[in-house]
Structure formats: C-alpha cells, structure tokens
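Before any comments, here is the structure.
Throughout, protein chains are lettered first and strands after them, A, B, ... in sequence-line order, and every chain is numbered starting at 1.
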Number of protein chains: 2
Amino acid sequence: MAKLYVVGIGPGGRDYMTLKAVETIKDCQVIVGYTPYIEYLEDLVEGKEIYSTGMRGEIERCKLAIQKVKEGKNTAIVSTGDAGLYGMAGPILELKEDIDVEIIPGVTAAFSAASELGSPIMHDFATISLSDLLTPWDIIEKRIEKAAEGDFVIVIYNPRSKGRKEHLKKAVDIMLKYKQKDTPVGIVRNSGRINRKIWLTTLGEIPYEEVDMLSILIIGNTNTYIKDGQMITPRGYDIK
Amino acid sequence: MAKLYVVGIGPGGRDYMTLKAVETIKDCQVIVGYTPYIEYLEDLVEGKEIYSTGMRGEIERCKLAIQKVKEGKNTAIVSTGDAGLYGMAGPILELKEDIDVEIIPGVTAAFSAASELGSPIMHDFATISLSDLLTPWDIIEKRIEKAAEGDFVIVIYNPRSKGRKEHLKKAVDIMLKYKQKDTPVGIVRNSGRINRKIWLTTLGEIPYEEVDMLSILIIGNTNTYIKDGQMITPRGYDIK
C-alpha cells in the first residue's frame, strides 16, 4: 500500500541529509514541496512527479500529497530542517484520514547554525518563531519573556520579514530586561548552504538591517562567551 | 594538517546519521567516544584506532582526541544526537588550543522521539536536562517553571537516573502549576534504536518507574492533542 513520507531534508545541502531521507526520496514516485526546497534536492528528484508551490501554499501541498497517496503513489512531502518543528509533520497528521504516514526527522537550522558558530547551544535552550501569521503576537512576546527569564539559550526562527520589520527589535527589547547588553549573539544567514553568512555580535548591537527570513539568531545564556571567533556556551564541566 | 571532527551521530541507527557524519567517520584514522556510542557505529569504525571510555569520562575523552590531532591524526569524537546539545562540541572548543575543529550537526533525540510519537513539537519548544551533575538544581527548577509558564512544548533529557529518582516527579509538580493534568505526554525509550519503546500518557499519569536515562519525555502545550494514537501539536493553520 502506498505511504506518505514527511521528510526533513536538513538545512539544504546534501551533506546534512540523513541516509534515510536520501533513500526515502529516491524510493518515492511523487515529491511535494515548497519550490526552493525541491531545488535543493537537485538530481535526487530527477524523473519524478514533482509538485512544487510557493509560500503560504502549505495546506494545499499537504492535501495534494495526501491525494497522491490515495492514488496509490508513494509520496514524499519535504520540509527543510526537521519536518516536526515549524514544518509539515503537524498539518499532515491533522489532515490525514486513513493513510499510512511516516515522519523522517532531520537536522534543524538551530543545530546547523550552531555548528557554524561554535557551540552556542550546548545547554537548555528554547526556539521561538517570530512569525505571527499563525500565532498571536502576545503569545510570542510572553514566550520570549519567559525564555529570557529562565536564562535559556534562545534560538529565533523567522526573525524578520518585509511585513514584520519591527518584531525582532521588540523581541530583543524584551530579552534585554533579563539578559545583559553584551550577551553574545550569533546570526547565520543561509545556514548549511553555499552562500552562508555569519555574524558574531551582542544583544545590544544586533545589525537589524542584515537580518531576514533566511537568517537564524542564537542568543547566549549568562555563561556564553566568545573565544577565537567562536561562540561557546559551557556545559558546566570543570575544564582543567 | 590533521583536524578534529566533533560528530553528532543521531539517535543510534545508521538511518539517521547524516551523509557528512558517515563520510567523516570513514575518513578519520582515530575514533573517540563513550563505549556504547562506538558500538552503534559497527562496521564504520572497523580497522580504526578506537578509544572508548565509560560514563563521566567526557573531559578525558576530549583531551585524548585533542592529543591525537596533535600527533597528526584526523580524529572524530562522537556524541549521540547532536554534538552541540548536551554533547562534546562545547568541552572540545573550551579545551582546544591551536588545532582545527569542525562540528558536524546531527539529529537530536527530541526530533527523533517526536517523529516516533507523531508531531508533538511543531511549535516553540524548550529542552531541559534534569541532570544536576553539572547544573545546580535550582536553575533547572527555574527553567522548568519558566518554560511551563510560557506554554512551551517541553522536552526533558536525562529524566531519571538511579541516583536522581525524584527529579522527574519534582519537575512534573512544577509543570502542573501551569499545565493541565490531561496535557499529553509522550515518552520514548531508546528512540531511533531497535529496542525502542513508546508510551502516550498525560502529565497527571506519568509511569515514573518506566522512565530511565535512555528515555526522553515530550510534554505538550495547551493545544496538543492525541489523534489515532499519535501526539499532535498544531502549528496553527486553519485546517479545513
């Protein structure tokens, strides 16, 4: 019987796909995804039935993928990063009726960006998306406040779009109530992709104009520091 | 010049290793790691110089790996999951002097367990380790409180060891101040491994005696629900 695979393809390049993600995509007849994500897959999807749609077409893509499985075709719907974090796993399970679904986990942008910055996460951390398309802004603000109060390392997804230029500044102002201005912040644009760009800065000096939807921010905890151009959050070992 | 690779190997099975992790381990002459993690690598490490040590030997392993690189040998030090979350990336960068280090990200247990439970994370989430070997318990308690107050999905690492049987119960009692007793909880023991075991329960009904250090818990947010035996946190789309 045909099956639907919800596949996290990692940040973009082939290197950070899991073996299972690669094999699953190879084995599927139909591939569904947001157009730029399909492009990352390059030769892996050659000769397959491909359905790619633009931004905000998420539910349309999910319904299409479910339909293809009902037609008897093994289908993969792809998300970048991990499909179970701000990805397609949720909507697919919410919408599916009596079809068989398997979720294939992947490397999320937080870990890919972290590996490029040093070891900025290491300890308890929280991820927060600043997109208020699907979440009321007051809930997002509350989460920023509580994560900062708890001294979590904070990873910000979807920090700044054309329509929401002020959200990141508002988020930083909330964090500054609990975190020092000199708290290290790492920003990675296009993490895990060929045109990657990295900034090491502080919470008081965020280069807002450089940040866009392809960027991710990692804000340190009380113990985070910079050494030799790398951002390090200690795990707590007595390093002697 | 020889290089040190800090490699996240994912939850354990080969399927969830990234292509880069597999290639890096193949290319290294020396492999260093906690004994059970080396065993997951099976034939990948055949014929290599292997240094495996027991629990709490973390710093010893880091120093050994750095030493091997100084001897001119390409060396991989492996962590399960992602090396940058409760793994070896931090201590290596803290200890390293003038050697070249590359961090290879991986699939952390939170995402592997999530994929086995359905889509329980999906939205803003926090990870908290209940191990107080390296972190004072009052900081851990504060983080649990703030994450629960912020209605994050909460992922608990290192929930319960022989020496810390009561920590999980204390953590749950704190969460119950903000989360309902019927909040869905997914527990996965040996996520991503052949002898995996799964429980779906609620915050009021945790089977404490079943939980150990090989288990991970995912506690839902206000909107998390169970459907067809799967734990789902909605992303917020209007699913019609």
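No donor-acceptor pair closer than 3.5 Å links the side chain of B:R235 to the backbone N or O of A:G90.
For the 3.5 Å distance criterion, the side chains of B:D124 and A:Y157 fail to qualify, holding no donor opposite an acceptor.
Using a 4.5 Å cut-off between heavy atoms, B:N221 touches chain A through its side chain atoms alone. If you measure heavy-atom distances from B:V22 to chain A, the contacts under 4.5 Å come from the side chain alone. At a 4.5 Å heavy-atom cutoff, the contact between B:E149 and chain A is made by backbone and side-chain atoms alike. There is no contact between B:A148 and chain A, counting heavy-atom distances below 4.5 Å. Residue B:I232 touches chain A through its side chain alone, counting heavy-atom pairs closer than 4.5 Å.
Most heavy-atom pairs under 4.5 Å with chain B, from the set A:P105, A:S119, A:A126, A:G150: that is A:P105. Counting heavy-atom pairs closer than 4.5 Å to chain A, the top residue among B:G8, B:S129, B:A83, B:G13 is B:S129. For the set A:A110, A:G106, A:P11, A:C62, the entry with the most heavy-atom pairs within less than 4.5 Å of chain B is A:G106. Taking B:T233, B:D151, B:V153 one by one and counting their heavy-atom pairs under 4.5 Å with chain A, the maximum is reached by B:D151. Contacts with chain A were tallied for B:T135, B:T127, B:I104; B:T127 has the most, counting heavy-atom pairs under 4.5 Å. Counting heavy-atom pairs closer than 4.5 Å to chain A, the top residue among B:G118, B:S115, B:P234, B:S112 is B:S115. Between chain A and the options B:A21, B:G236, B:G84, B:P120, the largest number of non-hydrogen pairs under 4.5 Å is found for B:G84. Of the listed residues (B:I154, B:D82, B:I121), the one with the most heavy-atom contacts under 4.5 Å to chain A is B:D82.
Contact check for A:D15 versus B:T18: no side-chain heavy atoms found under the 4.5 Å cut-off. In this structure, the side chains of A:V107 and B:V107 come closer than 4.5 Å at one or more pairs of heavy atoms. A:L19 places none of its side-chain heavy atoms less than 4.5 Å from the side chain of B:Y16.
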List, one per line, each side-chain donor-acceptor pair under 3.5 Å for residues 91-103 of chain B, sequence neighbours excluded.
| residue | atom | partner | partner atom | Å |
| --- | --- | --- | --- | --- |
| B:E97 | OE1 | B:K70 | NZ | 3.4 |
| B:E102 | OE1 | B:K3 | NZ | 2.8 |
| B:E102 | OE2 | B:K20 | NZ | 3.1 |

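To the nearest 0.5 Å, the span separating CZ on B:F111 from OG1 on A:T108 amounts to 4.5 Å. Within the model, atoms CG of A:L85 and CE of B:M122 stand 7.5 Å from one another, a figure rounded to the nearest 0.5 Å.
Between B:F125 and A:F125, the distance separating the two ring centers is shorter than 6.0 angstrom.
In plain terms, the two heavy atoms of A:E58 and B:Y237 that are nearest each other are CG-OH, 3.1 Å.
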